[in-house]
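This report refers to the structure that appears directly beneath it.
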Number of protein chains: 2
Amino acid sequence: MDSGRRATIADVASRANVSTAAVSKVLRNAYGVSPAMQERVRAAIAELGYRPHAAARGMRGQTYTIGVLIPDLRNPFFPELIEGISDHFAGTQYQALLGPGGSTPESQARITEAMIDRRMDGLIMIAPVVPRAQLEATARTIPTVVIGRHGRSAEFDAVVDDDIEGAALIVDHLAALGHRRIAHIEHRDTTRGIPTTMPQTVRAEGYRRAMQRNDLTDEIDVVPSTYSESGGYAAARELLSRPAPPTAIFAGADVAAIGVLNAVYEAGLRIPQDISVAGYDNTTVAAMGPISLTSVDQDGHLMGANASRLLLERVEDKRRRSVLMSLSPTLVPRRSTAAPPAADG
Amino acid sequence: MDSGRRATIADVASRANVSTAAVSKVLRNAYGVSPAMQERVRAAIAELGYRPHAAARGMRGQTYTIGVLIPDLRNPFFPELIEGISDHFAGTQYQALLGPGGSTPESQARITEAMIDRRMDGLIMIAPVVPRAQLEATARTIPTVVIGRHGRSAEFDAVVDDDIEGAALIVDHLAALGHRRIAHIEHRDTTRGIPTTMPQTVRAEGYRRAMQRNDLTDEIDVVPSTYSESGGYAAARELLSRPAPPTAIFAGADVAAIGVLNAVYEAGLRIPQDISVAGYDNTTVAAMGPISLTSVDQDGHLMGANASRLLLERVEDKRRRSVLMSLSPTLVPRRSTAAPPAADG
DNA sequence: GTGAAAGCGCTAACAA
DNA sequence: TTGTTAGCGCTTTCAC
């Protein structure tokens with residue numbers, strides 16, 4: 001901005017009376033520069049307000065850019081993740097940029113391509129819905145960490161929360177309160193090819209196993225719907241219209257639980273006196289006074305930070321063997337769950 | 001991925017028996033290529049699965065990347081904006097990438113720099129808190145569109161919603177219901193240098209003017225706080241503890257209104273029988289059954305799309321004169337507002 | 001420890 | 001209309 005033109009590495013070099021190669025080395029903290037020369041170069045950089053040109057760096061070396069694929073900005077859990085990610089990179093030379101991926105495999109694949117085209121140094125993919133084979137192909141091209149898909153891979157690192165355990169926390173909590181007819185709302189995707197590794201599937205499986213462990217095998221009741229307000233609403237309407245409706249509804253996501261609350265509200269039932277409702281993700285909405293939804297908390301910040309750390313290991317140290325990191329969820333009991341009505345206890 | 005190495009423009013050129021310049025022209029839909037050659041080049045591109053290298057393109061021409069500065073992923077209004085933006089670019093060669101900017105001027109400036117370093121073709125800045133002079137400096141470097149800051153600039157285009165009108169919608173609505181003691185919760189930033197152009201300031205001003213117009217000048221009551229759940233909660237606690245509390249509270253954002261609801265709930269008051277509450281932004285939370293918050297709707301999707309269109313005009317047509325585009329908000333009345341208690345009417 | 005020089009993949013002048 | 005060529009700003013051999 002000084003003289004119209006932006007300073008380049010050559011400007012810095014001539015100002016410091018060194019070669020461009022030397023400047024480059026200082027920039028990358030590479031070996032082979034004397035402290036004195038370091039000093040001179042740094043001074044010149046400061047004087048000129050020089051900033052390296054990421055696109056040009058990318059032509060030979062790295063772009064110092066990390067791509068983060070994010071499917072749905074409306075999901076209130078993702079900001080936690082993002083914050084964990086950007087906090088982690090804040091102390092480094094790297095910059096995380098988010099790609100709004102949409103919820104279809106096609107749109108997510110498009111963004112992934114766009115990130116590869118831009119020579120990003122690494123990719124963090126949040127709950128991607130693309131087929132596993134495609135994830136592995138991507139990971140062979142560019143260091144990749146996947147958040148929220150279960151199952152390990154030789155090609156990419158994975159960070160997940162233990163959804164089996166999370167579902168068990170809710171079921172055990174409800175069973176301990178005396179509930180028997182506990183229904184579960186599952187997100188059933190139309191997308192094929194991503195069978196057992198998505199969180200929704202694992203949560204449903206965790207629900208089933210926990211029901212069995214509590215001797216409630218006969219009461220297992222999974223309603224396929226979607227993790228959305230309308231999905232939860234529709235599923236709850238269906239459940240409440242039955243001859244013997246459940247005394248507790250466990251929605252696989254808070255956002256769906258909100259829809260359940262709406263349906264319960266419309267049906268004129270009271271929470272938790274007439275029916276208990278639980279969600280998953282412990283979003284800020286769940287914590288709101290009038291809502292006060294029992295939920296399961298995943299430490300999104302920690303998950304994001306861990307994913308970032310794993311990715312940098314791959315990018316910088318060239319670690320090859322893959323890592324699966326599984327975190328433990330915790331139960332957050334609130335006012336939306338209580339003992340079932342006496343007649344049903 | 002075929003032979004390990006990624007295909008380059010030279011590979012395409014030799015495959016199609018043309019020059020690299022010809023391939024480049026086809027890529028950019030530039031003049032001077034015969035249909036026959038076009039055909040051959042496109043075929044070669046398809047056969048090789050060639051994709052242009054964005055970083056390399058950026059060295060000479062454009063990067064076909066648009067940077068979107070987004071301050072707070074938790075604000076449920078922003079996803080609308082983002083969707084409008086990415087939908088608009090979906091039909092083009094451009095790819096929008098989001099930079100999580102944080103809420104301080106420093107962090108936002110950092111991301112802005114990072115985007116310029118990466119040779120982005122243009123910038124969309126959502127409700128930036130950096131000083132105006134800095135915005136203009138940025139805009140002189142790179143085509144820029146600012147969303148959500150009032151006041152026109154010669155350097156950048158601006159897309160705003162008419163917050164004066166939006167605040168008036170709420171005040172007129174409440175006044176028509178019979179309210180007189182209508183309080184407003186304003187977001188009061190500690191940041192200096194951005195006085196009258198932020199939405200919160202304009203909304204407060206709109207509230208004042210509308211109160212005057214309704215002959216309620218003596219009742220003007222602005223509580224400085226923050227647009228957050230805790231901010232709304234604290235402000236409402238303060239208001240409710242007064243000898244003559246307001247009969248209606250107009251929070252400048254839904255998220256603050258939620259905090260108000262919590263405080264009202266805790267105080268044992270009923271909504272809307274004892275007190276009316278209104279928000280701003282018409283977020284999905286506001287629409288939820290148990291909440292049903294009267295609010296003001298801005299068409300975020302349209303704002304995002306307009307901002308994108310303006311930016312592309314600048315990037316491609318090199319339009320120089322700046323544009324200010326102001327959209328009109330609409331009132332969304334719900335169950336949280338009603339006539340005041342008889343004694344106060 | 002230091003610098004000269006050859007690219008990275010593409011675009012834009014210009015020549016043919 | 002088509003091809004040749006000189007860079008864009010940086011990193012990376014490879015001499016010195």
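Keep in mind it's a predicted model, so treat the numbers as computed, not measured. Letters A, B, ... are given to chains in the order of the sequence lines, protein chains preceding strands, and every chain is numbered from 1.
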Exercise. Classify the nucleic acid contact of S24(A) as base, sugar-phosphate or nothing, counting any heavy atom under 4.0 Å across all strands shown.
Key: base
Quiz item: Can a side chain N or O of R6(A) be found less than 4.0 Å away from OP1 or OP2 on dG9(D)?
Solution: no
Self-check item: Electrostatic pair E80(A):R74(B) at N-O distance under 4.0 angstrom
Solution: yes
Exercise. Hey, could you give me the CZ/CD distance between R140(A) and E155(A), rounded to the nearest 0.5 Å?
Key: 4.5 Å
Quiz item: Should the pair R309(A)-E313(A) be classified as a salt bridge under the 4.0 Å nitrogen-to-oxygen rule?
Solution: yes
Quiz item: If you check every side-chain atom of M37(B), which of dC8(C), dC10(D), dT2(D) has the closest atom?
Solution: dT2(D)
Practice problem: Tell me which of T20(B) and Y31(B) sits closer to the 5' end of DNA chain D, going by the nucleotide each one is nearest to. | Solution: Y31(B)
Quiz item: Out of dG3(C), dC10(C), dT11(D), which has the shortest distance to the side chain of P52(B)?
Solution: dC10(C)
Exercise. Of all the heavy-atom pairs spanning T63(B) and D121(B), show the shortest one and how long it is.
Key: N-OD1, 3.0 Å
Self-check item: Out of dT11(D), dG9(C), dG3(D), whichever nucleotide has its closest atom nearest the side chain of A56(B)
Solution: dG9(C)
Quiz item: OP1 or OP2 of dG9(C) sitting under 4.0 Å from any side-chain N/O of T8(B)?
Solution: no
Exercise. Assess whether one donor atom and one acceptor atom, taken from the side chain of R60(A) and the base of dG9(D), lie less than 3.5 Å apart.
Key: no
Quiz prompt | For atom CZ of R119(A) and atom C1' of dC8(C), their distance in whole Å | solution = 8 Å
Quiz item: Counting heavy atoms not belonging to E39(A), are there more than 12 under 6.0 Å from its CD?
Solution: no
Quiz item: So, is R28(B) near the phosphate of dA12(C), with a side-chain N or O under 4.0 Å from OP1 or OP2?
Solution: yes
Quiz item: So what does G32(A) touch, heavy atoms closer than 4.0 Å: a base, only the sugar-phosphate, or nothing?
Solution: base
Quiz item: For dC10(D), does either OP1 or OP2 sit under 4.0 Å from a side-chain N or O belonging to Y64(A)?
Solution: no
Exercise. Report the end-to-end axis angle of the helix from dG1(C)-dC16(D) to dA16(C)-dT1(D); each axis comes from five terminal pairs, and the value is rounded to 10°.
Key: 40°
Quiz item: Nearest to the side chain of M59(B) - dG9(C), dT12(D), dT4(D)?
Solution: dG9(C)
Quiz item: Contact class for V18(B) vs. all strands (heavy atom < 4.0 Å): base, sugar-phosphate, or nothing?
Solution: sugar-phosphate
